[in-house]
Every structure is written in structure tokens, then in C-alpha cells.
Amino acid sequence: MPELPEVEGVVRALAPNIEGKSILEATLSETVCEAHRQGKQCIVKNMEPADFERKMRGMTVKKLSRRAKYIFFDLEKNNETFLMVNHLGMTGAWFIVQHENEILEEKFRNHIHAKFSLSTGELLIFSDIRRFGEFRLLGTIDEHPPLLQMAPEPFDDQALDYFLEKCGLPKYKNKPIKEVIMDGQVISGCGNIYATEALFRAGVHPARKAGRISKKRKIDLFEAIKNVLSEGIEMGGSTISDYRNINGEAGGMQHRLKMYGKKVCPNCSAKTKSMIIAGRTSVYCPKCQH
DNA sequence: TAGCGACACCGGTCGC
DNA sequence: TGCGACCGGTGTCGC
């Protein structure tokens with residue numbers, strides 16, 4: 001499950017390998033094409049697969065960057081600029097190979113949904129087991145309004161004030177804090193794993209209402225979120241199920257997780273509890289988190 | 001009209 | 001061994 005640190009790792013690995021290169025050919029899988037024929041927006045959103053393939057052909061990758069959990073491809077063709085936005089969904093992964101046989105794990109090899117032949121002869125491959133990933137080819141970012149609603153990057157200077165302000169809004173103040181910090185309009189890139197960890201580190205109960213937490217504790221929580229996210233980036237991400245970097249390697253952050261998926265609290269040895277918040281499993285320590 | 005909840009999208013994994 | 005239930009990030013739809 002890629003969250004901000006995993007996506008950051010993908011971008012850092014991918015960028016030096018594809019920036020400046022051109023896409024000679026783009027091919028989507030038969031699965032994607034067939035799903036579109038059935039009226040589903042499978043992986044490629046708001047565009048017919050054939051259109052996507054045609055438009056991607058001849059694009060030069062000017063720059064690769066991350067925004068929240070999205071990968072932004074700044075593209076150029078015939079002096080016109082485009083933005084290709086990619087989300088990894090639950091199980092998306094990128095590979096750069098000479099041949100798809102180099103993808104060692106069968107489950108990734110069996111679910112290749114987009115292939116881009118690069119000017120260097122390499123193949124840039126997007127594999128996605130559950131097909132929750134997405135591609136949107138845009139002229140500019142405002143063609144997809146939800147992207148404009150995203151909170152600032154957690155490492156930006158204004159992110160803390162933005163978070164504190166949002167917590168006080170009627171829309172959020174009566175919601176469980178875990179639901180609030182996982183909302184991309186409040187904090188960018190904080191998914192279930194890192195939210196669970198940050199709440200544990202800050203000693204905040206996941207179900208506590210956002211409006212019932214002191215400013216000081218909210219600031220502590222925000223710092224904890226930034227810390228787990230940067231630790232995640234340093235460790236190359238968490239590999240909980242299907243996340244792989246572009247070399248097919250797993251990350252190391254899962255070994256640093258103290259609460260996500262744990263049965264016993266590492267601080268006080270109490271049995272952890274879990275509850276469903278906003279439809280997601282939330283693990284916490286009933287003694288350490290209030 | 002804005003806001004919110006329900007639902008759709010999938011296949012690996014787990015438990016019965 | 002086989003089958004059904006479950007899980008989850010995001011957008012969209014309908015109330």
C-alpha cells in the first residue's frame with residue numbers, strides 16, 4: 001500500500017532514469033482495453049485507451065515529481081506541455097527493464113497494464129495487480145479539480161497552520177482524529193499505516209474527536225506525522241503487501257513500525273485493540289493512547 | 001446547492 | 001482443498 005514515503009521512493013528512483021527521455025510507443029493491456037469497452041474507467045481515466053496511447057506517443061519526460069501520493073509526469077510534445085498524473089492505487093508498481101521477463105515476481109509480471117518504450121530502448125512498465133491505480137493525461141492540473149483540493153505537503157512551512165485551521169472547521173471538529181489526518185484535504189499523503197504510527201507516537205487515541213484535542217497535542221501529533229513520514233522515506237518505504245521499488249525490492253520501514261499490525265504494545269506490553277474508523281482498521285494501545 | 005454517505009473498482013489472502 | 005469474505009484509496013453518484 002503505497003503512501004507518501006513509498007511514492008517518494010518511486011519518484012526518486014524513477015526520475016534519473018526517465019527524465020529527458022522520450023516515449024516512442026505506449027501500449028495498454030488488453031484487460032484495460034476490454035474494461036473500457038465495458039464502460040469502466042479502468043486505470044486510464046476520462047480517456048479512451050487508444051487516445052491515451054496515441055497522445056503519449058512522442059512525449060518527452062521533462063520532469064518527474066511527487067505531490068501527496070500522486071506522481072506527476074511533466075511532459076512535452078511539439079512544444080506543448082502536458083501533465084500525466086499517476087496514482088499507484090493499492091498495488092501499482094513501476095519497473096524499468098530491457099524486457100518484461102526481468103520482472104521476477106510473477107504476480108507483478110502477470111498484471112502489466114502499461115508499457116512505454118523509451119528512446120533509449122528500455123521499457124518503462126506499470127504493473128498493477130488490483131487495478132486501483134490511475135493515469136490521467138491533462139493539459140494542466142486544474143483540469144482535475146480534486147488535485148487542487150489537496151493539502152500542502154506535510155514538510156511545507158504552512159502545513160502545520162493549515163492542519164490546525166482545518167481541525168477547527170465544523171466539517172472536521174467532530175470527526176475522529178484518525179479520519180481527519182488521513183483526509184488528503186487536511187494532510188497530504190498520510191495513509192493508514194503512517195496515521196496509525198503517528199497517533200501511537202503522539203499518544204493520541206485514534207477515535208478522539210479532532211475538536212477535543214489541545215493545540216499542543218495537535219502540534220505534537222503533526223510533528224509525529226512528519227517524523228514517521230520522513231523516517232519512511234529514509235527507510236525506502238513500508239512493504240506491507242505489494243509495494244516494490246523500481247528494482248522490485250521491498251522497503252524496510254515495516255520493521256520500524258511499532259503499532260500497525262501489532263498485537264502487543266511495545267511500550268507497556270498491554271494487548272493492543274483495534275477498531276474501524278472511516279472504514280479502516282485502526283490499531284491502538286488502550287493504555288498509551290488517550 | 002452544498003455536503004455527506006454509500007458504493008464501485010479488484011485479486012490476494014485468510015479463515016472456515 | 002476449496003470457497004467465500006474481507007480489505008482498501010479515491011472518485012463519483014445520489015440523496
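Letters A, B, ... are given to chains in the order of the sequence lines, protein chains preceding strands, and every chain is numbered from 1.
With respect to A:Glu19 and A:Lys62, no salt bridge is recorded, no charged nitrogen being found less than 4.0 Å from a carboxylate O. Contact check on A:Glu3 versus A:Lys69 returns no salt bridge, with no Lys/Arg side-chain nitrogen under 4.0 Å from an Asp/Glu carboxylate oxygen. Between A:Arg201 and A:Glu231 a salt bridge is recorded (basic side-chain N to carboxylate O distance below 4.0 Å).
Among the heavy atoms of the strands lying under 4.0 Å from A:His144 are primed sugar atoms or P, OP1, OP2 only; no base atom is included. Using a 4.0 Å heavy-atom criterion, one finds that A:Lys45 contacts no nucleic acid atom at all.
Atom C1' of nucleotide C:dC6 and atom CD1 of A:Ile276 are separated by 10 Å, given to the nearest angstrom. A straight line from CZ of A:Arg131 to P of B:dG11 spans 4 Å, rounded to a whole angstrom. Distance A:Asn174 CG to B:dG5 P: 12 Å, rounded to the nearest Å. To the nearest angstrom, C1' of C:dG11 lies 15 Å from CE of A:Met90. Counting to the nearest Å, the C1' atom of B:dG11 and the CD atom of A:Glu105 are 15 Å from each other. Between the CG atom of A:Leu4 and the C1' atom of C:dG9 there is a distance of 14 Å, rounded to whole Å. In this structure, A:Ile71 atom CD1 and C:dG9 atom P are separated by 16 Å, rounded to whole Å. Distance, A:Asp128 CG to C:dG9 P: 14 Å, rounded to whole Å.
Checking B:dG12, C:dT10, B:dC10 against the side-chain heavy atoms of A:Tyr70 singles out C:dT10 as nearest. Here the side chain of A:Pro146 is nearest to one of B:dC10, C:dG8, C:dG11, namely C:dG11. Checking C:dG11, B:dG11, B:dC10 against the side-chain heavy atoms of A:Ile129 singles out B:dG11 as nearest. Candidate nucleotides B:dC4, C:dG8, B:dC9 were compared by shortest atom distance to the side chain of A:Thr281, and C:dG8 ranks first. Here B:dG11 is the nucleotide among C:dT10, B:dC9, B:dG11 with the atom lying nearest to any side-chain atom of A:Arg130.
Taking CZ of A:Arg66 as the start and CG of A:Leu4 as the end, the distance is 3.5 Å to the nearest 0.5 Å.
Aromatic stacking is marked for A:Phe132 over B:dC9, as both cut-offs hold: 5.5 Å for the centres and 30° for the planes.
Dashed line: the shortest gap from a side-chain N or O of A:Arg280 to OP1 or OP2 of C:dC7 is not under 4.0 Å. The shortest distance between the side-chain N/O atoms of A:His111 and the OP1/OP2 oxygens of B:dC10 is not below 4.0 Å. Phosphate proximity of B:dA2 to A:Lys171: absent, as no side-chain N or O sits under 4.0 Å from OP1 or OP2. Residue A:Lys107 has no polar side-chain atom (N or O) positioned under 4.0 Å from OP1 or OP2 of B:dG12. Contact between the side-chain N/O atoms of A:Asn192 and the OP1/OP2 oxygens of C:dG8 is found at a separation under 4.0 Å.
Taken together through direct or relayed side-chain contacts under 4.5 Å among Ile, Leu, Val, Met, Phe, Trp and Tyr, A:Phe200 and A:Ile193 form parts of separate hydrophobic clusters.
In this pair, A:Phe135 and A:Trp94 present their aromatic rings tilted. The plane angle is within the 30 to 60° band.
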